[in-house]
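Notes follow the structure.
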Protein chains: 2
Amino acid sequence: MVTLKQLAKELNVSISTVSKALNNSEEIGEETIRRVKELAGLYNYKPNKVALSLKQNKTKTIGVIIPDILNHFLAKVLFGIEREAAKYGYNIITCISNESLDQEKDSLRLLANGSVDGFILSVAEETQVKNEIEHFKKTISQGLPIVMFDRVAHDVMCDKVIVDDFDSTYNATKSMVLEKRKNIAFITTLDGLSVGKLRERGYKKAILEHNLNPNLILKVKKKDDHQKKILNFLKKNKTIDGVIAADSSSGIIAINAAINLGLKVPKDISVIGFASKSDSYHTLPKLTTIRQHAKEIGAYAAQLLINRLQNKDAEEDIKTKIVKTTLIKSNSTL
Amino acid sequence: MVTLKQLAKELNVSISTVSKALNNSEEIGEETIRRVKELAGLYNYKPNKVALSLKQNKTKTIGVIIPDILNHFLAKVLFGIEREAAKYGYNIITCISNESLDQEKDSLRLLANGSVDGFILSVAEETQVKNEIEHFKKTISQGLPIVMFDRVAHDVMCDKVIVDDFDSTYNATKSMVLEKRKNIAFITTLDGLSVGKLRERGYKKAILEHNLNPNLILKVKKKDDHQKKILNFLKKNKTIDGVIAADSSSGIIAINAAINLGLKVPKDISVIGFASKSDSYHTLPKLTTIRQHAKEIGAYAAQLLINRLQNKDAEEDIKTKIVKTTLIKSNSTL
DNA sequence: GTGAAAGCGCTAACAA
DNA sequence: TTGTTAGCGCTTTCAC
C-alpha cells in the first residue's frame, strides 16, 4: 500500500499538502490538486484505515455477537445488519457465542479494546438462563453502546429491537380456533429463551380464553431426536388437530410427521410455525408461517446503533423497537 | 479506555516503562512490574488494538467474503472459519457479496485499505459466470493473500479448499445403481456454478458407464417455484426411481414431492442430497446425505491463510486441499 | 499556497 | 533498571 509519504516524496511536496489536496482543501492550488490526484490514482492510493481509526478514535466497525450462525433467523438478521451498516460505511466483525456465556463475555472483552465502536447482539441462551448482565453493563459503561435484538436483557439500559412474540402465537392460536380446531398443541425447542417463553404464554392465553385443552405442550431439547419426539407426541395424542410451532424445524417436522401418520394436512390437522419463506418450501403442503422479518430487524438494529454512534453528545433516551410479525397463510392451514 | 500515558502519569514513570512492565520485560524491576500491573488491572487496561495494528502493520483480522449467508453450507463454513481464527487471535470481518460481482469487488477494495491481513472467500455466482478474476489478482499483488473455498477461480494463484464434487455425485449415483435403480434423475439449482457443473458431470459419468437414461436432468432457477417444478418433473417422468440432488433443498423437496405423489421412499424411489445433518431431519424418512464437512472446510481455509500470514518470507507454494465428502446413509435409500 | 509539527497509542532501539 | 526518542499513517493547527 502506497502512503502519503511516498506520494509526497515523488511529487516533491510535503505530506500535508498531499493530504489536503486529496481532501480537496481550499488551501491548495488547482494545479497541485490535479498532480496529486493523478499520481494517487496511478498508485491506487487508499487512506490507511488503521491510521484513520487511530487518529479519529473511531473505527467505523460494529461488533456483532450472535448465538448461532446456523440458525436461519439469526443469519438473516446478520444479513440485514451487514446490508444496512454497509450503506453507512460501517464494517461488521462477527463473533459467534455458541449460546455460551463465557464466549459472549470473551467476545465483548476482546472487541472492547478499540476494535469496534459499538455492539449489536442477541443474548446467548446460557446468559439468559443464568440471567447475567454485568458484562453488558460494563461494556456500556466503557462508552461502547449496545443494541440488543430478539433475545434481549430487559434490565440492561440500551436500545433494543424485538419481536411481538406473545401476540404472534396468541393470534396464530386464535386463527386456529377460528378453524374450529379443538386440540391445538404447542411445540418448542426454545424453552430456555425469553422469546420461547413469551411464545408459549401467547399460546396459553388463547387456549385458556377458549377453554381448550391446555396440556398439549411438547418441549424438545437440543439433544433429543427431534423427529422421533414429535412423531411420538402426535401418536400419543391422536386428538391433536392443530400445531403451533415455536421454531421452524418443529413446524416442518410436525407436518411431515403428521403425513407419515396418515393424517391429511390441513384437513385433519393444521400447522403454523415461525419460519422464513425458504423454510416453507420444505413441506408439502407449504407451511403457514409466522414471519419475523429478520432482515428488517437487522436493519433497525444497525440504524439504532449508527444513530447513537453519530450523536454521542445528544445522549438520547433508549429506544425499544417492536417489529411485528406477519402471519403468512399457506396450505398447512385451512 | 485507559492508555499507557495515563497509567504512566499516575505511577510517575515513563510510558515505555509501563509498556515494558506489562509485557513482562526482563529490563524492568519486579516491584515496578507489580505496581504497574496492579494499576493496569484496577483500570482494566487493554492495549489499544488500533494502535497496535498501526505499529505492527498487521491487524490480526481476516476478511471473509461469502456469496450468501442464508445458505446453510456457507454459513457453516463461516462458523468453521470463525472458530479456527479465534484460536489464533484473529477476528473476522464478514462481507456478503450476494452473488454479485460488483459487491465482491467492492468488498475486496474496501477492505484492502489496511482493514484486514488477508481474505477467505467463495466466489460469487456472477463472477463465475463472467469469469472475472482480475480483482482477485490485483488484491494478491497488493500483498493481501487470498484463500478460496468451495467455489474457486482455478486461474488465480492462491491457496484453495475444495470439495470432491465430481466424485461425490459419481459415487452417490453408483450407490443407487447398486440398488438396481434404472432411472436416476439429477436435480440442481446450481447450474451456474463450477461446483454445480462438477456434480452434474460426476452423475453423468456414472449414468453413461451403466447405460442408463441420461435425460433425467432437472435444472431449477432461482425464480422458479422450486416445489412445483420438482412435482411436475416427477409427475411427467413416472419411471424415475432415484434422485440425486445437487443441493439440500432439492433433496428435501424431492422426498416430500414423491410422498405427495403416493410413492414410497425408499421402496419406489431413492433420494440422495447434498445436505447437513439438521437438513436431513426435515424429511421423513430422513434424507441420505452427502456431507461436505463445512466446518472443517472453514477451519482448513483459516489455517491456510493464517499459516501464510505468519510465514510471509517463506513464500511457500500454493496449496489446494480437497476435503472429501462422506455419504451418510439414512432412510431415503435402501 | 505550502510546509512544519504535534499527536492519536503503542513498541523498541538506544541512551542514561 | 528506567527514560528518551523515533516512527507506524494520517489529519489539522499554525507558521511562513
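Model, not experiment: these values are computed from the prediction.
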Taking B:Tyr43 as the fixed residue, which of B:Gln6, B:Glu10, B:Glu38 is the one that meets the side-chain hydrogen bond (donor to acceptor under 3.5 Å, both in side chains) rule?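 Testing B:Tyr43 for a side-chain hydrogen bond (donor to acceptor under 3.5 Å, both in side chains) against B:Gln6, B:Glu10, B:Glu38 leaves exactly one candidate, B:Glu10.
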Exactly one of A:Gln103, A:Glu104, A:Arg151 should register a side-chain hydrogen bond (donor to acceptor under 3.5 Å, both in side chains) with A:Thr127. Which one does?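 Answer to the side-chain hydrogen bond (donor to acceptor under 3.5 Å, both in side chains) test with A:Thr127 among A:Gln103, A:Glu104, A:Arg151: A:Glu104.
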[X] near the nucleic acid: base, sugar-phosphate alone, or nothing, with a heavy-atom cut-off under 4.0 Å?
X: B:Val13; result: sugar-phosphate
X: A:Thr32; result: sugar-phosphate
X: B:Thr3; result: sugar-phosphate
X: A:Asn48; result: sugar-phosphate
X: A:Leu54; result: base

Could you tell me the separation between the [atom1] atom of [X] and the [atom2] atom of [N], rounded to a whole number of Å?
X: B:Asn12; N: D:dT2; atom1: CG; atom2: P; value: 13 Å
X: A:Glu27; N: D:dA15; atom1: CD; atom2: C1'; value: 12 Å
X: A:Gln6; N: D:dG7; atom1: CD; atom2: P; value: 15 Å
X: A:Asn113; N: C:dC10; atom1: CG; atom2: P; value: 10 Å
X: B:Glu26; N: D:dT2; atom1: CD; atom2: P; value: 14 Å
X: B:Leu4; N: D:dT2; atom1: CG; atom2: P; value: 16 Å
X: A:Asn23; N: D:dT11; atom1: CG; atom2: P; value: 5 Å
X: A:Ile15; N: C:dA4; atom1: CD1; atom2: C1'; value: 10 Å

So for [X] and [N], does any side-chain atom that can act as donor or acceptor lie under 3.5 Å from a complementary atom in the base?
X: A:Lys55; N: C:dG7; answer: yes
X: B:Ser16; N: D:dT4; answer: yes
X: A:Ser14; N: C:dA4; answer: no
X: A:Lys20; N: C:dG1; answer: no
X: A:Lys5; N: D:dT11; answer: no

Along DNA chain D (nearest heavy atom to each residue), the more 5'-positioned of A:Tyr45 and B:Ile33: B:Ile33
If you assign each of B:Glu30 and A:Leu52 to its closest nucleotide in DNA chain D, which residue comes earlier from the 5' end? B:Glu30
When you compare the side chains of B:Thr59 and B:Asp117, does any donor N or O come within less than 3.5 Å of an acceptor on the partner?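 There is such a pair between these side chains.
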Exceeds 12 heavy-atom contacts within 6.0 angstrom, atom CG of B:Leu42: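 Yes - once you tally the heavy atoms of other residues, nucleotides and ligands closer than 6.0 Å, there are more than 12.
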Heavy atoms from other residues, nucleotides or ligands near CD of A:Glu30 exceed 12 (cutoff 6.0 Å): no
